[in-house]
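What follows is one structure encoded as structure tokens, with my remarks underneath.
Numbering starts at 1 and runs along the sequence shown. Atoms within each ligand, like the ligands themselves, are counted from 1 in listed order. Source: prediction; values computed, not measured.
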Amino acid sequence: MVPAAGRGTRVGGDCPKQYLPLAGRPLIEHTLKRLAVHPRIAGLMVVLGAHDEHWPGTFALNGKPVHTAIGGAERCDSVLAGLDALPTDVAGEDFVLVHDAARPCVRLADIERLIERAGATEGGLLGAPLRDTLKHANEAGHSERTESRDRRWRAFTPQMFRRAALCAALREASRQGVQVSDEAMAMELAGFAPLLVEGAEDNIKVTTAADFALAEFLLARTT
Ligand SMILES: Nc1ccn([C@@H]2O[C@H](COP(=O)(O)OP(=O)(O)OP(=O)(O)O)[C@@H](O)[C@H]2O)c(=O)n1
Ligand SMILES: C[C@](O)(CO)[C@H](O)COP(=O)(O)O
């Protein structure tokens, strides 16, 4: 499942960032092609903005179906909408991988490792341990203390959980008024302990205009 209903406000630009050009093709196309190539991904669900004018319509990728749904105001709303719209042949016990459209450089080997390792538990996510010193900034932008980086990870995507459990966790977080920033946060709130699977740090989320040049560099060097 690919949440792609954002507006890309931190990039700016005249269209949502997932449709801005990256190495000559829309950013989202690179992400979808990476996912569709993986042999253990059966199909795609792309969650679009309600007024998306850029989505090209119905097509398959690498012989796999590409379903669509309409997202919501926040990323978590879009993920829940996508889960609800999945075909009925996706059982509640089936694993769903949620991957940001804005992460085109994800490595196939990392996806495989996530499926292998998190699939042997109740799910998990790609990430990487913090390797820089972590500072807490005051309102004036000065460092006022150094935070421990012990056992702190950066969360990436894909994040992989069973359809029914993730649906229930996202619904409960919403009921509690908690806007979760990723799927793992909803699962933690529900009492799960998602497995952290270390992945390459070049699985960047294209967030600002400057990220496009780095993503283009990485795309040419990773698979
Ligand atoms: N309501 C939303 C918000 C975000 N996303 C998706 O979630 C992913 C990660 O979100 P982010 O990088 O923050 O994208 P945007 O929300 O578009 O960026 P911004 O916050 O700068 O507007 C993106 O693929 C984005 O399209 C979504 O499906 N639905
Ligand atoms: C899901 C995510 O990519 C994990 O790091 C991140 O939380 C998305 O945050 P965003 O602000 O919606 O881009």
Minimum-distance protein heavy atom relative to atom 17 (O) of ligand 1: Gly8 N, 2.7 Å

Shortest protein contact, atom 12 (O) of ligand 2 (heavy atom only): Arg75 CD, 3.7 Å

Atom 20 (O) of ligand 1: the protein heavy-atom neighbour that sits closest, reported with distance to 0.1 Å: Arg10 NH2, 3.0 Å

Heteroatom proximity flag, Gln159 to ligand 2, N/O under 3.5 Å: no

Distance-only N or O hit between ligand 2 and Asp182, under 3.5 Å: no

Distance under 6.0 Å and angle within 45° of ring axis: Arg154 vs Phe156: no

Ligand 1 N/O within reach of Ala4 N/O, cut-off under 3.5 Å: yes

Smallest separation among heavy atoms of Thr157 and Asn203, with atom names: O-ND2, 2.8 Å

Residue, atom name and distance, where the atom is the protein heavy atom closest to atom 6 (C) of ligand 1: Pro3 O, 3.4 Å

Non-hydrogen atom of Arg154 closer than 4.0 Å to ligand 2: no

Donor-acceptor contact present, side-chain Lys64 to main-chain Ala36, <3.5 Å: yes

Whether Asp110 side chain and Ala200 backbone form a donor-acceptor pair below 3.5 Å: yes

Atom 4 (C) of ligand 1: the protein heavy-atom neighbour that sits closest, reported with distance to 0.1 Å: Gly6 CA, 3.7 Å

Closest protein heavy atom (residue, atom, distance) for atom 4 (C) of ligand 2: Ala155 O, 3.3 Å

N/O separation below 3.5 Å, Arg103 to ligand 2: yes

Contact check, Arg10 vs ligand 2, heavy-atom distance below 4.0 Å: yes

Pairwise distance CG(Asp132) to CZ(Arg149) - rounded to 0.5 angstrom: 7.5 Å

Short side-chain to backbone donor-acceptor contact, Glu147 and His136, under 3.5 Å: no

Top protein contact for atom 29 (N) of ligand 1, by heavy-atom distance: Ser78 OG, 2.8 Å

Glu183 and ligand 2 - part of the residue with a heavy-atom distance under 4.0 Å: neither

Identity and separation of the nearest protein heavy atom to atom 8 (C) of ligand 1: Asp100 OD1, 3.6 Å

Shortest protein contact, atom 6 (C) of ligand 2 (heavy atom only): Ser181 O, 3.8 Å

Heteroatom proximity flag, Thr9 to ligand 1, N/O under 3.5 Å: yes

Donor-acceptor under 3.5 Å (Asn138 side chain, Ala140 main chain): yes

Heavy-atom nearest neighbour in the protein, as seen from atom 28 (O) of ligand 1, with distance rounded to 0.1 Å: Ala5 N, 2.9 Å

Closest contact, heavy atoms only, Lys205 versus Asp211: O-OD2, 3.7 Å

Expected output: side-chain Arg10 to main-chain Thr207 donor-acceptor under 3.5 Å: no

Protein heavy-atom partner closest to atom 2 (C) of ligand 2 - residue, atom, separation in Å: Asp100 OD2, 3.7 Å

Shortest reach to atom 10 (O) of ligand 1 by a heavy atom, considering only Arg75, Met1, Arg7: Arg75

Heavy-atom donor-acceptor pair, Arg162 side chain to Gly123 backbone, under 3.5 Å: no

Heavy-atom nearest neighbour in the protein, as seen from atom 13 (O) of ligand 2, with distance rounded to 0.1 Å: Lys205 NZ, 2.7 Å

Criterion side chain to side chain contact (heavy atoms under 4.5 Å, CB included) on His30 and Leu219, from CA distance to verdict: CA-CA 8 Å; His30 295 286; Leu219 266 183; 3.6 Å; yes

Heavy atom of the protein closest to atom 11 (P) of ligand 1 (residue, atom name, distance): Lys17 NZ, 3.6 Å

Pairwise distance CZ(Arg221) to CG(Asp202) - rounded to 0.5 angstrom: 11.0 Å

More than 12 heavy atoms from other groups under 6.0 Å of CD on Glu53: no

Part of Ala73 within contact of ligand 1 (heavy atoms, under 4.0 Å): backbone

Lys205: numbered ligand 1 atoms lying under 4.0 Å from its heavy atoms: 12 (O)

Distance-only N or O hit between ligand 1 and Val47, under 3.5 Å: no

Atom pair CZ/OG1 of Arg103 and Thr31 - distance to nearest 0.5 Å: 10.5 Å

Contact check, side chains of Glu198 and Trp153, non-hydrogen atoms, under 4.5 Å: yes

Gly71 near ligand 1 by a heavy-atom separation under 4.0 Å: no

